[in-house]
Asker: 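Before I ask anything, here is the structure I am working with.
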Amino acid sequence: MIRKYRIGNPIPTDSVVKEIVLSEGTIPYFDRNDEKKELTLLLKKNDRVYGLGETVRGMNKRGWLYTSNNSDDPNHTENKNSLYASHNFFVVFSKEDQFGVYVDTPGKVSFDIGYTKLDKLRVIFEDFDADIYIVEGESVLDIVSQFRGIIGRSYIPPKWAFGFGQSRWSYMTADEIREVADKYQEAGIPLDMIYMDIDYMERYKDFTVDESSFPEFPKFVEEMKERGIHLVPIIDAGVKVEEGYDVYDEGVEKGYFVKKENGENLLAAVWPGLVHFPDFLNDDARAWFGNKYKVLIDQGIDGFWNDMNEPAIFYTQDHLDEIFEQIDEYKGKNLDVKAFFEFRDLVGTISNYPEDYRRFYHEYKGQKIRHDKVHNIFGYNMTRAAGEAFERISPDKRILMFSRSSYIGAHRYGGIWHGDNHSWWSHLLLNIQQMPAVNMCGFLYTGADIGGFGSDTTEDLVLRWTAFGIFTPLFRNHCALGMRHQELYRFENVDTFRNIINLRYALIPYLYSEFMKAALGNKMLFKPLCFEYDDERSAQVEDQLLVGESIMIAPVYTQNATGRYVYLPENMKLIRFRAFDDYDEEALGAGDHYVKADLNEILVFIRKGHVLPLAEPSKGMECNLNNAELKYICYDSDAASYELYTDDGVSRI
Ligand code: GLC
């Protein structure tokens, strides 16, 4: 059962697509304090809190303060409050309590979950305007499923997007990309996608291709397709200010860019220097920007990633001017600590400067609204621009789309990646822990930058991360400019990498089936153990996941480990994979086990009464679209069945 309550006069987000009649009276579970703009509830000793999608810390969110304020912050350390997304749905869950809460508001809102006071959950609003949905159900899975039912079906990518993808910020030319494809081919490692970062564009202009470094682009796209590789370009939120550039000229002429109070287009800066931001919240501007994707689709492109759409702002022209004025005041002065810190912060805090988000306005649903009031739905509406346009441009065929910034609702138009992580072991664990939380909020096609984006990686980290990544729908190795190269063929253990990637391809019939069942049935693909097992120990487990109906995984996420402790809530069969056709099986009883897992081994546990289908791995998805040759690994010899989902992988459903 879902009840909806209204506080104040909320700006609609369109995240809920099902009509729900407003309930009168007080919001269940919460105390409301209008003066403090807060909702509070008392947490019982054993209450755990799950959800909030892409946030820092563990699966159980208790103990920290999370702020929905989409931010381009590439240091996802545990002291941070905001990442790129606002996923304001959570479930309070214990033997005594079981209810879900969705706080639908496009502005800033914080969730103090036992941070200020251990036993208090506070929802703290900047503007006390929101729709609050209270979801009750038979189980936590039922609550999630009901919630997913009101926010609309999750995005379904083409099946080829379940293949392996290689990316790096700094593939500068078509030849560099050819080399990546060649090297993967030589190493015998299947590859389905190569991502094109900002370097493919002509001076970072959206929907352009640099002629000199990527000559005859459509031919190049075709050539790569013939090799079974989809090129997936990035699209950024900012449109370069440059007369004669059609996207800029049209946007200015039609008034589609966000404007300052005085009606001038906001001048902000990102990769190309000065840009304007399209007003994705405005229906006409959204449709116009969405149609631009056709420029690349017409050249053979069938997938994109949307970036910098929080939006990230290096600086605004107005703020920069202010800084230059102020900086002079420090000249010739003895800077004491206070003055020095001020001076340092003047430039040091220039990017993503909070005041800049109050300098511009949107035309949203017939109203002029200051950006900060709707900040968290900006990236969502960029993804929506693409998703809505794809339905017009490509009515029959699915197009790959995922975004960095998001809000619930964006899950209908695309997936997400988890932003600029680091090559840190702690970020492998974070990746594991974020998966169920984003699923709860509707995002199913997700994954992190495998190997880590920032910082230099190590071979063992890439091995362990890839070994986990084979289970995530978005399976992409991506890395930042200037960092150690981490394409798999560059490492010593190429054979192990080949085996791991082949195992991914062998698992595709299962992963795709489970993904589709999750998308079509409003289910989670990744679940914490305690969503299915109600024993005390399962509730404590933060580093194992149920993936689909048949398996549990226990990834290794610490350096130099040759195994790990694994908790089994019931008897399971351990499959220790070295390759899709090289593994040992061991029946293990419920309880704690220390399980060996060398660098070349992947632990998969088959659940009681369940079956894991495996295909012969193929050279790439083109060859893996039919599931003719499947073998089945079963928990035991008793009869068990598995429902396999198949389709042509590209038609829209
Ligand atoms: C942002 C993205 C990253 C990309 C980079 C350059 O940091 O998050 O994935 O490589 O921009 O486009």
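Values below: all heavy atoms of this structure, side chains included; hydrogens, waters and symmetry mates excluded. If you're wondering where the values come from, they're calculated on a predicted model, not measured in any experiment. Positions are given from 1, in the same order as the sequence printed here. Note that ligands are numbered from 1 as they come in the structure, with each ligand's atoms numbered from 1 the same way.
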Asker: List, pair by pair, the atoms of ligand 1 and of the protein that are both N or O and lie under 3.5 Å apart, giving the separation rounded to 0.1 Å.
Answerer:
residue: ligand 1; atom: 7 (O); partner: Asp420; partner atom: OD1; Å: 3.4
residue: ligand 1; atom: 7 (O); partner: Asp420; partner atom: OD2; Å: 2.6
residue: ligand 1; atom: 8 (O); partner: Arg404; partner atom: NH1; Å: 2.9
residue: ligand 1; atom: 8 (O); partner: Asp420; partner atom: OD1; Å: 2.5
residue: ligand 1; atom: 8 (O); partner: Asp420; partner atom: OD2; Å: 3.3
residue: ligand 1; atom: 9 (O); partner: His478; partner atom: NE2; Å: 2.9
residue: ligand 1; atom: 10 (O); partner: Asp197; partner atom: OD2; Å: 2.5
residue: ligand 1; atom: 10 (O); partner: His478; partner atom: NE2; Å: 2.9
residue: ligand 1; atom: 11 (O); partner: Asp307; partner atom: OD2; Å: 3.1
residue: ligand 1; atom: 12 (O); partner: Asp197; partner atom: OD1; Å: 2.5

Asker: Could you list all the salt bridge (charged side-chain N to carboxylate O under 4.0 Å, His left out) pairs where at least one residue sits in residues 415-440, not counting sequence neighbours?
Answerer: Arg404-Asp420
Asker: For Arg490, give me all partners under side chain to side chain contact (heavy atoms under 4.5 Å, CB included), at least two apart in sequence or on another chain.
Answerer: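 Arg490 satisfies side chain to side chain contact (heavy atoms under 4.5 Å, CB included) with His485, Glu487 once adjacent residues are dropped.
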Asker: Restricting to non-hydrogen atoms, name the atom on Asn70 and the atom on Glu310 that form the minimum distance, rounded to 0.1 Å.
Answerer: O-CB, 3.7 Å
Asker: If you take the centroid of each ring, where Trp contributes its six-membered ring, are Tyr353 and Tyr315 closer together than 6.0 Å?
Answerer: no
Asker: Provide the full list of salt bridge (charged side-chain N to carboxylate O under 4.0 Å, His left out) pairs with a residue in residues 193-204, sequence neighbours left out, each pair given once.
Answerer: Glu202-Lys205, Arg203-Glu242
Asker: Whether Lys159 engages the ring of Tyr512 as a cation-pi pair (distance to the six-membered ring centre under 6.0 angstrom, angle to the ring normal within 45°) should be assessed.
Answerer: yes
